Every structure is written in C-alpha cells, then in structure tokens.
2 protein chains.
Amino acid sequence: MKTLPGTFPGWRGEVKIVTIKEIAKYMDVSVSTVSRALNNHKDINQDTRKKVLEAAENLNYRPNSIAKSLIHNKTYTIGLMVPDIADPFFSSIAVGVEESLTDKGYQIVYGNTNRTRQKEKNFLESVLDRKMDGVIITPDNLDHEIITLIQNLEIPAIFLRRRTPDALNLPFIDVDHYSGAYKAVHHLLSKGHERIGFIGMTKESFISNERLRGFKDCMHQHHIHTSGKEIEIAGRTIESGKHAMQRLFEKNPDITAVFASNDLIAIGALEWLAQYNLSVPGRVSVIGFDNLELSSLYWIQLTTMAQPRKKMGRMAASMLLDLINGSENRESILLEANLIKRRTS
Amino acid sequence: MKTLPGTFPGWRGEVKIVTIKEIAKYMDVSVSTVSRALNNHKDINQDTRKKVLEAAENLNYRPNSIAKSLIHNKTYTIGLMVPDIADPFFSSIAVGVEESLTDKGYQIVYGNTNRTRQKEKNFLESVLDRKMDGVIITPDNLDHEIITLIQNLEIPAIFLRRRTPDALNLPFIDVDHYSGAYKAVHHLLSKGHERIGFIGMTKESFISNERLRGFKDCMHQHHIHTSGKEIEIAGRTIESGKHAMQRLFEKNPDITAVFASNDLIAIGALEWLAQYNLSVPGRVSVIGFDNLELSSLYWIQLTTMAQPRKKMGRMAASMLLDLINGSENRESILLEANLIKRRTS
DNA sequence: CTGAAAGCGCTTACAG
DNA sequence: CTGAAAGCGCTTACAG
C-alpha cells in the first residue's frame, strides 16, 4: 500500500471539530441557548431548538464528552481488571461484561495484570485518576496497600471470581466451587466409584482448596474414608496434570476415578492415561472443572463442571450498574456450576 | 458475606478527594504555584515545591486526569476494536497491545463488535466523542458511512488483521496469508504429496481467498494442475470442517494431503479422518493455519502455520504510538507466518 | 519566582 | 424563553 507523506486524512482536514461556541456564533445566539437546545432542556423554544439541531447537524457537531465528564463527574467508563484476557475464562467474562454495559453507553477500560502486584496497583490508580464510574476486579494481591487503594476508590466496585476480603465491604460474584466439587464427586459416587483420587492446582489456591473441601465432604458424607494419599497437587498446566496423574496412580494403583480440580489438569491426566493405555472411562473415569472449549473436542469429551462464564460477566455488569445508579443492595452472589456429562465418566 | 446498608466504604468517606485549589488554600499560595510545583515547572522555588509536594501527599491529592485531558487535548486512551475478544486469536492480540501501551501510561478501551455494523459504528463514534488518542481497528463492515467515520476520526488509526480500503490512507498490519499458504503447500509438496486438497472458509473471506491463491500458485509453479474439484468450502467451525472433509474426500478419494485454511477446519478434518479410520499422516496428511492452542494437544498435534499474534498486537501498538508522537511513517506491514511441524504431516 | 486572569468545552443557577 | 456569569479542575501566557 502506498502512503502519502503529510497529515492524516481528515486530520485538521475535511471536517473540523466544532464546539457549541461556534454554533452559537454561527447562529447568533448564546452558548447557553445552544446547550439547552442540544440537551433538550425544558426552557427552550422548540423553534430555536430545531434550528440549533439543524446547525449542529450541518456543522457536524459532536459533544465533547471530556467536558461533560468534568461537569457531571461521570465518565461512563468502567474498569475491568483481569489476570489475563487471553485466558478464555476471562475473555468470556469480558464479553458478558461488555454486552451488558455497552448498550447503556458505558465503555470498558480493561487492564491485564498478569497477576502482578504492580499492574494491579497501577490499574486501580488509573481507575481513580480517570474518574471511572465503577470497576470490576479480579485481584491476586490483596495486601494492605492494595486493599486501602480499593477502599479509597470512592466508586462502586465488584469482586469477580474472587471473594471479597474481610476488610472490604464490597460484593463479589463467584462460582460456588465447593458445591460444584461436591456435585462432581457425587456424580462419580453415583456411578459406583469409591476409590477416587483428587488432583488440586496449588496448595495456596483458594479455588483449589474449596474444590478439595467439596471432594472431602462428599466422600465423608458417603462414609468413604480419605487418607490423604489420594490427593495430589499439579499446577496450572496440562503438563503438570499429566505428571500429577502419574504420581497419583503410582501411589493409588487401585483408583477407578479422578476428580481433577480443573479441565487443564484433567486433560493432562487423560493424556497420561492414554499414553499408558489405561482406558477411559473403562479403567479410570475422569471429571474436570471449568468446561473449557477444549474439553468438548472429539478426542477428549471430558465430563466436567461448567461455570457460567458469560453469565458471571453479565451479572457483574448489572450489579455494578445498579450500584452506580444508587442501589444499596450489596449482596454477593455465588453461582452454581453444572455437570456436563460426556465420555470420560 | 454480610453487607451493611449505607454508602460504600470510602465513598464520601475516609479520604476526600482534594483539588489543587484546596492545596492552595491550605498552604496559602495560589493555584498557579501549586500547579507549577506539581508539574515540576521550571519557574518554581524548590523550597515551595517541596512543601507543596508534601501537602499534596498528606492530603492524598490525585490529579484529575479529566481536567488535564480537556486542557491538553490528550486523553492517554486508545481504542481497540475487535470482532470478538473471546476468540483466542484476538485476545492474544489484545494482550500484545496492552503490554506495549500500558507502560507508556495509556489505557485501552476495547469494544467487541460481533462483526455487526451497528457496534462498529457506535464504537467509532465513541472513539471520536471521548477524544481517544488513537485507535486500532478490525472492522468487518466497510461501507461508505463507516469509511467516512474513520476518515473523520482526526486521530491516528491502524487496521489490524485487515487491509486498509483504497479510500483510506491508513496503515495496516496483517499476516501475509498468501505467502503463508504458499509455504504450507510447499511443505506438503516437499514431502512428496501431489494430490492435495484445499478447504476454505467462505467464498467471500478475503483471508480464505488469499490462502487459496497461495495454494494455487504454489501448485502451479510446481507444475501440478488444479481442476477446482480439490477445492472445498467449509465455514467457521470444527463441525463445518468435518463436513467439508467428507465432501472433499468423496470427490477426491485419491488425495494424500489436505491444506485446511485454518486450524478449526483442520481439526474438523482430523475428526472425520479419525472416524473413518483413515490414518494421519499415513493415509492423509493435514496442515492447518493459525496455530491455535488446541492444535498442540496430544491427540491433535497439528502441523500448521503460526501467525505471530502477540507480536502483531505489539507492532500495532508501537506503530500507533509512533503516529501519535508525530511520525510520518505510515508504511503497512505484512508479517510472515511460520511453519510449525507436528504429527499430522 | 509568584499571582491574577483567561481559557479548555460544556452546564446551570440567576436575572431579566 | 434567553443571555451573562460562574464554575467543573486544571494550565499557562502575562505582568510584576
């Protein structure tokens, strides 16, 4: 493509940006009148209003939203802090948020944090300085300084896929990991399994631990003893799930089912089982958690617990809107995960 | 979690937002002095500066970026228009864009369009009204009105993963689909294949057609005749790839290799081949395009052409920054796709 | 080096 | 119904 040197097409070119002042001069009325006409204020003669609107149209007038923001102390922008927008989990949520807010005239400013403290802090400060109207956050570093920052934001904030720390009186929206895990294990039990292994993410992960709690409680309530030997820790990758599956199986060669705390780990487990020719679900059943796109592939067909991702995004958005519009309701919400039965169990 | 009724923690509460006016009053100096101190202007006594900074710190002062924007006509926000942020292709790009811009103090406003005209238009208008400093767009509806809108944006704009329409003098950044396809086919030829099928996305897709062009040119330059019978059209899904593979194979039972115009289609083809026990790559080799995360799975191991996604995002961001900073260089860029050899070929 | 004044683009009591 | 004035929070010539 050939490019000509010079300014941008349209830049300081064809369509000059015009202000209400210029409309006023052009029409020989005051800026107040123009403003009133443009905003359909009651104190305006409908005739002059029509003329102003026409002039605005002709001159290609567009209101400067920055100026409006300064006056109304409202920017119609919402901050969305996510650990990683390339993680399909969060990108789905982002779609939900976007769908709900964009129609109401809000725009979304998103910030990837990569789970780093510095980026979380920077984003929150940006939210503050830019006078955003609300914020939806998924922070991973909730130390004192960050908590204070959130507290002083002065705007409605919602924790998404996180639980609000005690020090903060803010609502959250999350999946009920505990009951989801309980359901998953119950499904395995109902299929007749008793020797069931669990693979967690990391020792520190709240989500992983909630799912472990669901696993244990369900087992115990069905009078099945857990020794701890059937619990293994993986990590965040398919590869880590594969290794964890190996360790789990070596320690418990008699297990007939595995509850992996997320789909990536479950897929790693499936991979190891496939490599060692252990048939699924014949020899070992597998259930995951998340219902990633991957999991429905022909070769995988993983039974798993689906988290309502888009719905979470939409609900967070509408909760936030309510708060922005003055609602006092700050009830947190736990959404249920649903069993998706497929081949592996 | 229990919530107390009332205002937000911090809302009109603990930390009042303070303005330079209040700092000025508090220190008994003029706002001009405060402003100069805060901005480290040269005409300021270092002593008073220090005191002002201290006061600002104590009063928890934060500059109002809206007010700054109004004066400087610069908002430090960039628009990012994507068809669908939940599409891993675009979310990777978004990460690249974010990484490059966020350090420079820019924030990214993103807009999902779902490829609808109305949403593209709304987003562009929002870019205009909100005085964003630049925009990166992936539009699908380039009719006259939209083109005019882009033209009148008055700010630097970059087409991402699209080619700029003739009417617009704006740079684009895209992958060289033609040469990528050429390389893919060349790879198959080098493996000894001659009867190669092609599965495209849709008849109208520019990208698909470029890849088809690469297919044909490579075949012809190696003196292999293409009759058209070995060309099949799928769609945007795995399912469509599966059906297309079936049609392709029924028409051309003697083919030994397939170039699918994207990975989703290739995976659909693999699925069909697996169902009919046609071994890959023994009986049929398959190559895709995109290098999705899916494609590297144990069960799939798809040979494919990788598009440098994050890099595209980063390059678009840095190009845009250059333009914002006054660069005259509006050279478009075509990035090369790279062959990722895996099991299926 | 400091302050008073004008201004960014808009809104909105206030007076007429 | 209309206009002049003050103001949103900040910056920046201009004068001293």
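Below, chain A is the first sequence line, B the second, and so on; all start at residue 1. What you are looking at is a predicted structure, and each value in this text was computed from that prediction instead of being measured.
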Touch class at under 4.0 angstrom, heavy-atom based, for B:His72 against every strand present: sugar-phosphate
C:dG7 to D:dA4 separation - P atoms, rounded to the nearest Å: 15 Å
Whole-Å distance separating the NE2 atom of A:His41 from the C1' atom of C:dC14: 12 Å
Watson-Crick or G-U wobble partner of C:dA4, both distances under 3.5 Å: none
Complementary nucleotide for D:dA13 - Watson-Crick or wobble, under 3.5 Å: none
Atom-pair distance (NZ on B:Lys51; P on C:dT2), nearest Å: 10 Å
Touch class at under 4.0 angstrom, heavy-atom based, for A:Ser32 against every strand present: base
Residues A:Gln107 and A:Thr77: side-chain donor-acceptor under 3.5 angstrom: no
Backbone N/O of B:Thr75 and side chain of A:Arg130: donor-acceptor pair under 3.5 Å: yes
Touch class at under 4.0 angstrom, heavy-atom based, for A:Asn73 against every strand present: nothing
Heavy-atom pair with the smallest gap, counting every atom of A:Leu168 and A:Gln151: CD1-NE2, 3.6 Å
Residue A:Ser30, side-chain heavy atoms: nucleotide from D:dG3, C:dT2, D:dC8 that is nearest: D:dG3
A:Thr19 vs C:dG9: side-chain N/O to OP1/OP2 distance below 4.0 Å: no
DNA chain C: 5'-proximal contact among B:Arg49 and B:Ile71 (nearest heavy atom): B:Arg49
Sugar-phosphate only, base, or nothing, as touched by A:Asp43 at under 4.0 Å among non-hydrogen atoms: base
Side-chain N,O (B:Lys68) to OP1/OP2 (D:dT11) below 4.0 Å: yes
Nearest-angstrom distance from the residue atom CG of A:Leu38 to P of C:dT11: 7 Å
Whole angstrom value for the distance that separates P of C:dG9 from CG of B:Asp129: 15 Å
Sugar-phosphate, base or nothing in reach of B:Ile44, heavy atoms under 4.0 Å: sugar-phosphate
Between C:dG9 (C1') and A:Glu22 (CD): distance, integer Å: 11 Å
No-H, no-angle donor-acceptor pair, B:Arg36 side chain to C:dG3 base, under 3.5 Å: yes
Cation-aromatic face contact B:Lys119/B:Phe123, 6.0 Å, 45 degrees: no
Separation of atom NZ in B:Lys74 from atom P in D:dT11, rounded to whole Å: 16 Å
B:Leu70 CG - D:dT12 P separation (whole Å): 13 Å
Aromatic ring pairing B:Tyr110/A:Tyr110, orientation class (parallel under 30°, perpendicular over 60°, tilted between): perpendicular
Sugar-phosphate only, base, or nothing, as touched by B:Asn45 at under 4.0 Å among non-hydrogen atoms: sugar-phosphate
Exam field: side chain B:His41 to backbone B:Asp43, donor-acceptor pair closer than 3.5 Å: yes
B:Val29 side-chain proximity, nearest of C:dG9, C:dG3, D:dC10: C:dG3
Separation of D:dG7 C1' from B:Ile20 CD1 (nearest whole Å): 14 Å
Under-4.0 Å side-chain N/O to phosphate OP1/OP2 contact, B:Asn64 with D:dC8: no
Touch class at under 4.0 angstrom, heavy-atom based, for A:Ser69 against every strand present: nothing
Phosphate OP1/OP2 of D:dC8: any B:Lys21 side-chain N/O under 4.0 Å: yes
Short side-chain N/O contact from A:Thr33 to OP1 or OP2 of D:dT2, under 4.0 Å: no
C:dG9 and D:dT2, which share atom name P, separated by this distance in whole Å: 25 Å
A:Phe89 six-ring centre to A:Arg161 NZ/CZ under 6.0 Å and within 45° of normal: yes
